[in-house]
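Down below is the structure, laid out as structure tokens.
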Number of protein chains: 2
Amino acid sequence: MKKNEEFVQSVNPKGQKSCDSFHNTIEFIGKRWMGIIIYHLLDGPKRFFELSAEIEGISDRLLTERLRDLEAHGLVMKNQSDPKVRKVEYELTPKGKELEDIIQAIFEWVKKNGCCYKE
Amino acid sequence: MKKNEEFVQSVNPKGQKSCDSFHNTIEFIGKRWMGIIIYHLLDGPKRFFELSAEIEGISDRLLTERLRDLEAHGLVMKNQSDPKVRKVEYELTPKGKELEDIIQAIFEWVKKNGCCYKE
DNA sequence: TTTTTAAGATTACTATTAGTAAGCTTGTTT
DNA sequence: AAACAAGCTTACTAATAGTAATCTTAAAAA
């Protein structure tokens, strides 16, 4: 990839360089557990305990924190139809669903190149 | 993306589930500075001080640490033609170069959806 | 030839983020 | 009424990141 200088230098509505946007974005979705949470949400709305059960090893504390992060960035929305009923579902927003291409690209890479194991 | 159960359950040569491989990989390339270092290496071999100058804000300590990480995972190689001359170049391996599709997918997402700003 | 400078690190220490474990609140089940 | 479960929150420990200073060696400058 030759760097697209026009893009690298360009500035987004928040006044950040697009290069910084890339930086922030990759690190945001690369935070611990973030990617795997997004991945699990790609097949539809899920409840807290469902995510908690599917994602082996995550703690409630971090799952809550990550879901709040995702909400705050407009990637996930919470739908609690009746606030009196304790049924909360987390669902990707359209912006969140568009992350699928990234997730897909990582899967492809892993299939072809093997994984980046943890040290 | 409907989950491909065959893939999710499958096991790689290191005995990890492919799903774990995805998890490790996204978190590895999402470590702080990692993505931006990979991005800057995509346009060719670079020396330590070049990376250090291009990547605003990174410290020598973290740049060294990340380059060692990348080397250990076979994504970057060091070429120091003559060990007596202090000229060290860092270059993506073929496996590292294949990360381009992921980087590209993130750029596309950012162009379309705006960035994940830092809190 | 001595002095200075620069590359490519390492070390020591502080601050931020993650992990572990327990507990809280309110509705539902027994 | 007691026990349980969902969805959090709090307190504390461990790991990772950030800041800053220092080190080594080769080459350039004086």
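Taking a cutoff of 4.0 Å between a charged side-chain nitrogen and a carboxylate oxygen, B:Arg47 and B:Glu50 do not qualify as a salt bridge. Salt bridge status for A:Lys78 with A:Glu91: absent, with no side-chain N to carboxylate O gap under 4.0 Å. Taking a cutoff of 4.0 Å between a charged side-chain nitrogen and a carboxylate oxygen, A:Lys112 and B:Glu98 qualify as a salt bridge.
Phosphate proximity of D:dA15 to A:Lys118: absent, as no side-chain N or O sits under 4.0 Å from OP1 or OP2. For the OP1/OP2 pair of D:dA6 and a distance below 4.0 Å, the side-chain nitrogens and oxygens of A:Tyr90 include no atom meeting the criterion. Remark: A:Lys78 is in phosphate contact with D:dC8, judged by side-chain N or O atoms under 4.0 Å from OP1 or OP2.
Computed from coordinates, the A:Glu54 CD to D:dA6 P distance equals 14 Å when rounded to whole Å. Spacing between atom CD1 of B:Ile36 and atom C1' of D:dA17 amounts to 17 Å, rounded to whole angstrom units. As a whole-Å value, the separation of B:Glu27 CD from D:dT16 C1' is 13 Å. We find that CD1 of B:Ile58 is positioned 11 Å from P of D:dA17, with the value rounded to whole Å. Summarising the geometry, the separation between CZ on B:Arg47 and P on D:dA27 is reported as 11 Å, rounded to the nearest angstrom. Between A:Asp60 atom CG and D:dT10 atom C1' there is a gap of 13 Å when expressed in whole angstrom units. Rounded to whole Å, the distance from CD on B:Gln80 to C1' on D:dT24 is 13 Å. Nucleotide D:dC8 holds its P atom 14 Å from the CD atom of A:Glu50, rounded to whole Å.
Side-chain contact between A:Thr93 and A:Val76 is absent, with no heavy atoms from C-beta onward closer than 4.5 Å.
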With the sugar-phosphate defined as primed atoms, P, OP1 and OP2, and the base as all remaining atoms, what B/S/- string results for nucleotides 13-18 of chain C, 5' to 3', for protein heavy atoms under 4.0 Å?
----SB
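For the pair A:Ser52 (side chain) and A:Phe48 (backbone), a donor-acceptor distance under 3.5 Å is absent.
Annotation for B:Asn24 and A:Tyr117: closest pair ND2-CA, 4.0 Å, computed over non-hydrogen atoms.
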Give the C-alpha distance, both sets of side-chain angles, the deciding distance and a yes or no for side chain to side chain contact (heavy atoms under 4.5 Å, CB included) between A:Asp69 and A:Lys31.
CA-CA 10 Å; A:Asp69 264 11; A:Lys31 276 184 167 184; 2.9 Å; yes
